[in-house]
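To find a chain, count down the sequence lines: A is the first, B the second, and so on, and within it residues start at 1. Keep in mind that this is a model prediction, so the values were computed, not measured.
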Number of protein chains: 2
Amino acid sequence: MESEQAILALAALAQSTRLDVFRLLARHEPEGLAAGDLARALAVPQNTMSSHLAVLSRARLVTARRHGRSIVYRADLKAFQSVVLFMLRDCCNGRPEICGPLIEDLTPCCPPKPRRKANA
Amino acid sequence: MESEQAILALAALAQSTRLDVFRLLARHEPEGLAAGDLARALAVPQNTMSSHLAVLSRARLVTARRHGRSIVYRADLKAFQSVVLFMLRDCCNGRPEICGPLIEDLTPCCPPKPRRKANA
DNA sequence: TCACTATTTCGATAATTCCGGAAATAATGT
DNA sequence: ACATTATTTCCGGAATTATCGAAATAGTGA
């Protein structure tokens with residue numbers, strides 16, 4: 001991922017409504033949510049929501065697909081992952097001694113197994 | 001980390017000069033760089049750089065410390081880590097089945113130690 | 001104190017973003 | 001074709017951000 005693309009994504013997420021939208025869509029993977037449902041859920045006018053969705057879409061953080069009358073939006077978790085990866089690479093670039101503990105502390109986010117830091 | 005703080009950080013990084021600044025500072029940990037050095041390195045006027053540094057500072061992504069005549073800035077990697085963690089939590093919230101592979105794919109960034117298999 | 005260096009603050013302008021009312025576009029069913 | 005529903009586009013105003021010249025502040029050394 002290139003800087004320009006990452007900046008688009010960071011800017012897209014740096015706004016509370018859009019952050020909420022992405023949160024909500026991530027939670028509704030893989031079904032997605034229609035634009036109107038998003039507007040209703042977050043109590044935002046449809047046209048305002050539409051422009052926010054356009055920003056997220058330009059940033060490639062969400063995808064849109066027409067489904068009957070509705071347009072269903074989905075979070076693009078792969079793209080989101082790319083952004084996180086980009087940030088970490090930026091921070092770690094050639095400095096594993098810094099990134100190492102970061103990744104380690106990161107892991108508890110979604111512990112596949114561990115319950116305590118009984119590691120050694 | 002709360003949303004508001006995260007949004008400040010994302011917004012701070014969503015600008016090319018500031019992203020470059022953070023990159024540069026991360027690479028110059030733990031010594032840091034003086035404001036003037038940053039301005040020179042990125043070919044930006046001092047006052048412009050100063051306002052960018054203020055934004056990064058408000059977002060807690062950098063710290064400043066006077067050192068003689070200069071003010072030396074340092075990347076706050078802990079704060080950066082918090083932002084990344086926040087993003088991942090937002091994405092994974094209650095959905096390890098999504099976050100799991102994400103973390104796994106993330107690990108190759110800086111593999112400090114042999115990773116164990118997720119799941120079993 | 002004075003001169004010098006480093007950085008920030010002030011102030012102004014241009015550009016961008018956010019918001020939402022109103023109108024336009026698109027799909028569906030009759 | 002028409003009415004209905006879902007969403008977007010158009011438009012304008014308010015707020016915020018980016019940029020940078022000029023002036024102000026802070027530290028250093030003679």
I'd like to know if the side chain of B:Arg23 pairs up with that of A:Ser3 as donor and acceptor (distance under 3.5 Å, no hydrogens or angles considered). yes
Rounded to whole Å, how long is the line connecting atom CD1 of A:Ile7 with atom P of D:dT17? 16 Å
By nearest nucleotide on DNA chain C, pick out whichever of A:Ala14 and B:Gly36 is the more 5' one. B:Gly36
Is any side-chain heavy atom of B:His28 less than 4.5 Å from a side-chain heavy atom of B:Arg74? no
Could you give the CD-to-P distance, from B:Gln15 to D:dT19, as a whole number of Å? 5 Å
With heavy atoms under 4.0 Å as the rule, sort B:Ser51 into base, sugar-phosphate or nothing. base
At 4.0 Å (heavy atoms only), tell me whether A:Ala34 reaches a base, stays on the sugar-phosphate, or touches nothing. sugar-phosphate
Rounded to the nearest Å, what distance is computed from the CG atom of residue B:Leu8 to the C1' atom of nucleotide D:dT17? 14 Å
Between C1' on D:dG27 and NE2 on B:His67, what's the gap in Å once rounded to a whole number? 13 Å
Using the side-chain contact (heavy atoms from CB on, under 4.5 Å) definition, which of the options B:Leu38, B:Thr63, B:Leu33, B:Asp37 pairs with B:Tyr73? B:Leu38
Whole-Å distance separating the CZ atom of B:Arg65 from the P atom of D:dG27: 14 Å
Under 4.0 Å between any heavy atoms, over every strand shown, what does A:Ser50 touch: base, sugar-phosphate, or nothing? Just pick one. base
Contact summary for B:Ala11 and A:Ala14, nearest pair of heavy atoms: N-CB, 3.4 Å
What about B:Leu24 and B:Val72, same hydrophobic cluster or not, with Ile/Leu/Val/Met/Phe/Trp/Tyr joined at side-chain heavy-atom distances under 4.5 Å? no
On DNA chain C, which is the earliest and which the latest nucleotide, 5' to 3', with an atom closer than 4.0 Å to a heavy atom of chain B? C:dT5 to C:dT9
Taking B:Glu4's backbone N and O only, do any of them form a donor-acceptor pair with B:Glu2's side chain (distance below 3.5 Å, no angle check)? no
For residues 42-56 of chain B, tabulate all N or O donor-acceptor pairs below 3.5 Å that involve a side-chain atom, not counting sequence neighbours.
| unit_1 | atom_1 | unit_2 | atom_2 | d |
| --- | --- | --- | --- | --- |
| B:Ser51 | OG | B:Thr48 | O | 2.8 |
| B:His52 | ND1 | B:Arg18 | NH1 | 3.2 |

If you look at every strand shown and take non-hydrogen atoms under 4.0 Å, does A:Arg40 touch a base, only sugar-phosphate, or nothing? nothing
Check every atom of D:dG29, D:dA6, D:dT8 against the side chain of A:Arg69 and return the nucleotide holding the closest atom. D:dA6
Are OP1 or OP2 of D:dA6 and a side-chain N or O of A:Tyr73 less than 4.0 angstrom apart? no
Can you find a heavy atom in the side chain of A:Phe86 that is under 4.5 Å from one in the side chain of A:Val84? no
Are any of the side-chain heavy atoms of B:Leu88 and A:Phe80 separated by less than 4.5 Å? yes
In this structure, how many angstroms lie between the P atom of D:dG27 and the CD1 atom of B:Ile71, rounded? 9 Å
A:Gln46 CD - D:dT5 P separation (whole Å): 12 Å
State, to the nearest 10°, the angle formed by the axis through the first five base pairs of the helix from C:dT1-D:dA30 to C:dT30-D:dA1 and the axis through its last five. 20°
Are any of B:His52's side-chain N or O atoms less than 4.0 Å away from OP1 or OP2 of D:dT19? yes
Got more than 12 heavy atoms from elsewhere within 6.0 Å of CZ, B:Arg60? no
Which comes earlier along DNA chain C counting from the 5' end, the contact point of B:Met49 or that of A:Pro45, where each point is its nearest nucleotide? B:Met49
